[in-house]
Amino acid sequence: GVAAQRGGGPPPAPRPARQVAPFDLAGTWVSIVTEDWRWRMVTAPKGDTSSVPVNDAGRQVAMRWDAAADAAAGDQCKAFGIGGIMRQPGRLRITWQDDNTLKLEFDAGTQTRLLHFDRTAVAPADRTGQGFSSAQWEGPGVGRGPADDPRVAGGGLLGRGVPGGGGQGLRGGPPPRGIAQINRGGSLKAVTTQFREGYLRKNGVPYSESATMTEYFHRLPPHPNGDQWLHVVTIVDDPRYLREPFYTSTDFRLEANDAQFNPTPCQTSPPLR
């Protein structure tokens with residue numbers, strides 16, 4: 001009673017993530033492939049690890065890749081796991097499963113991800129292809145955003161040109177210059193763990209179960225022609241197969257509806273020769 005008279009008492013319950021979202025991600029988005037064609041639209045030759053900072057162990061695994069063996073073992077979806085799904089060409093449908101969970105559905109490989117804003121959510125004991133993603137809003141009014149992260153801000157590593165990215169003459173995709181300005185509207189940060197090993201690229205370039213995936217989702221200002229764009233920066237930290245973090249940036253354009261959303265099974269075409 002005394003605490004209540006002094007203005008104490010329990011703090012108010014946090015508002016649902018859907019209510020405090022600085023922007024809306026719901027809708028169907030189509031990936032726009034303007035770079036990394038040889039790794040995204042087709043299957044590169046075995047052993048092609050160009051622009052991925054693999055170490056010796058990662059290179060050896062890539063050289064042992066065998067698509068037929070994966071299919072025989074039921075591992076056709078290793079290129080469609082958390083480490084590679086954002087780079088698959090196709091469509092991404094985003095909806096709210098509930099007020100604290102975003103649902104991401106990919107037509108490539110018929111994959112589904114859940115981004116959990118509820119801090120009490122616990123990762124399951126069993127690993128899955130998409131793992132467990134903890135999410136939070138960042139940026140103006142909601143906390144520190146990637147503009148404040150020296151790994152992502154325009155003046156940080158990406159501003160100097162990070163290995164493994166597309167754009168700015170690199171392959172794999174650091175965000176464009178001026179990312180700090182893009183982030184003024186806030187961003188969604190997701191950190192994913194508890195996943196099975198898989199492939200960063202269709203040709204067997206690996207990531208391990210020890211890796212951590214960090215993503216920043218930005219809804220960009222509307223283009224003058226009316227197009228709406230989603231920009232996703234992905235950082236893969238893998239002490240087992242990578243010498244340093246691997247950065248990519250991927251762009252999606254909003255579609256009017258989901259009429260062209262067409263889920264297909266995990267399937268990798270034969271590698272180029």
Side-chain angles (χ1 to χ4, degrees), residues 35-88 109 127-133 149-152 156-175 190-216 232-250 266-273:
E35 35 71 34
D36 282 3
W37 184 274
R38 64 186 280 193
W39 297 299
R40 297 181 64 186
M41 299 301 296
V42 297
T43 305
K46 182 167 71 172
D48 183 351
T49 62
S50 299
S51 80
V52 182
V54 293
N55 56 24
D56 290 340
R59 190 172 296 105
Q60 290 174 17
V61 172
M63 289 300 299
R64 293 196 300 267
W65 172 67
D66 185 331
D70 282 348
D75 289 333
Q76 303 96 318
C77 290
K78 291 183 74 172
F80 298 80
I82 182 63
I85 190 61
M86 298 302 296
R87 304 294 284 170
Q88 291 283 352
R127 295 179 181 271
T128 63
Q130 302 302 333
F132 181 84
S133 298
D149 186 337
R151 301 195 305 173
V152 181
L157 291 176
L158 291 179
R160 298 196 296 271
V162 181
Q168 302 184 30
L170 299 174
R171 295 187 174 92
V191 178
T192 305
T193 56
Q194 200 61 14
F195 45 77
R196 295 193 295 263
E197 64 181 12
Y199 300 145
L200 297 170
R201 289 178 175 165
K202 299 176 183 179
N203 65 333
V205 181
Y207 63 89
S208 75
E209 295 181 350
S210 301
T212 299
M213 310 287 176
T214 304
E215 298 165 289
Y216 294 97
V232 183
V233 178
T234 303
I235 307 168
V236 182
D237 291 282
D238 188 350
R240 183 173 181 182
Y241 291 139
L242 297 179
R243 300 189 314 271
E244 59 189 61
F246 176 52
Y247 295 75
T248 56
S249 64
T250 309
C266 297
Q267 185 173 0
T268 300
S269 58
L272 297 176
R273 297 188 183 278

Value for OG1 (Thr192) from CD (Gln130), rounded to nearest 0.5 Å, stands at 8.5 Å
Item to check | Flag side-chain contact, heavy atom, 4.5 Å: Gln88 against Lys202 | outcome: yes
Closest heavy-atom pair, Ala62 versus Lys46, reported as atoms and distance to 0.1 Å, is O-CG, 3.5 Å
- prompt: Would you find a donor on one side and an acceptor on the other, under 3.5 Å apart, between the side chain of Glu197 and the backbone of Ser210?
  reply: no
Practice prompt. For side chain to side chain contact (heavy atoms under 4.5 Å, CB included), just list the numbers for Leu200 and Trp39, CA-CA rounded to whole Å, side-chain angles, deciding distance to a tenth of an Å, and then say yes or no.
Written response: CA-CA 10 Å; Leu200 297 170; Trp39 297 299; over 6 Å; no
*asked:* Is there a side-chain contact between Val205 and Tyr241 in this structure, where contact means two heavy atoms from C-beta onward sitting under 4.5 Å apart?
replied: no
Practice item. Check whether any side-chain heavy atom of Phe246 sits under 4.5 Å from a side-chain heavy atom of Asp238, and report yes or no. Key: no
Does the side chain of Pro271 reach to within under 4.5 Å of the side chain of Asn203, using non-hydrogen atoms?
no
May I ask you to decide whether Glu35 forms a salt bridge with Arg87, counting only side-chain N to carboxylate O separations under 4.0 Å? yes
Rounded to the nearest 0.5 Å, the CG atom of Asp237 sits from the OH atom of Tyr247 at a distance of 7.0 Å
- Query: Backbone N or O of Ser269 within a donor-acceptor pair of the Thr43 side chain at under 3.5 Å?
  - Reply: yes
All heavy atoms of Arg127 vs all of Phe195, minimum pair found to be NH1-O, 3.1 Å
d(Thr234 OG1, Ile82 CD1) to nearest 0.5 Å is 8.0 Å
So CE of Met41 and CG of Asp36: to nearest 0.5 Å the spacing works out to 12.0 Å
Value for CE (Met213) from CD1 (Ile235), rounded to nearest 0.5 Å, stands at 11.5 Å
_If we ignore hydrogens and angles and just use 3.5 Å, is the side chain of Arg38 paired with the main-chain N or O of Ala44 as donor and acceptor?_
no
With a cut-off of 6.0 Å (strictly less than), are more than 12 heavy atoms of other residues, nucleotides or ligands near CD of Gln267?
no
Between Thr128 and Gly131 the two heavy atoms that sit nearest each other are OG1-N, 2.9 Å
Exercise. Is there side-chain contact between Leu242 and Tyr207, with at least one heavy-atom pair below 4.5 Å?
Worked result: no
Here the gap from Asp75 atom CG to Phe80 atom CZ, rounded to the nearest 0.5 Å, amounts to 13.0 Å
_Taking the side chain as everything from C-beta on, heavy atoms only, tell me whether Arg40 gets closer than 4.5 Å to Thr248._
no
Taking every heavy atom of Ala79 against every heavy atom of Thr268, the minimum-distance pair comes out as CB-OG1, 4.3 Å
Scanning both residues in full, the closest heavy-atom pair of Arg243 with Val54 reads NH1-O, 2.7 Å
**Study point:** Sub-4.5 Å side-chain heavy-atom contact between Val52 and Arg201
**Key:** yes
**Study point:** Side-chain heavy atoms of Trp65 within contact of Asp70, under 4.5 Å
**Key:** yes
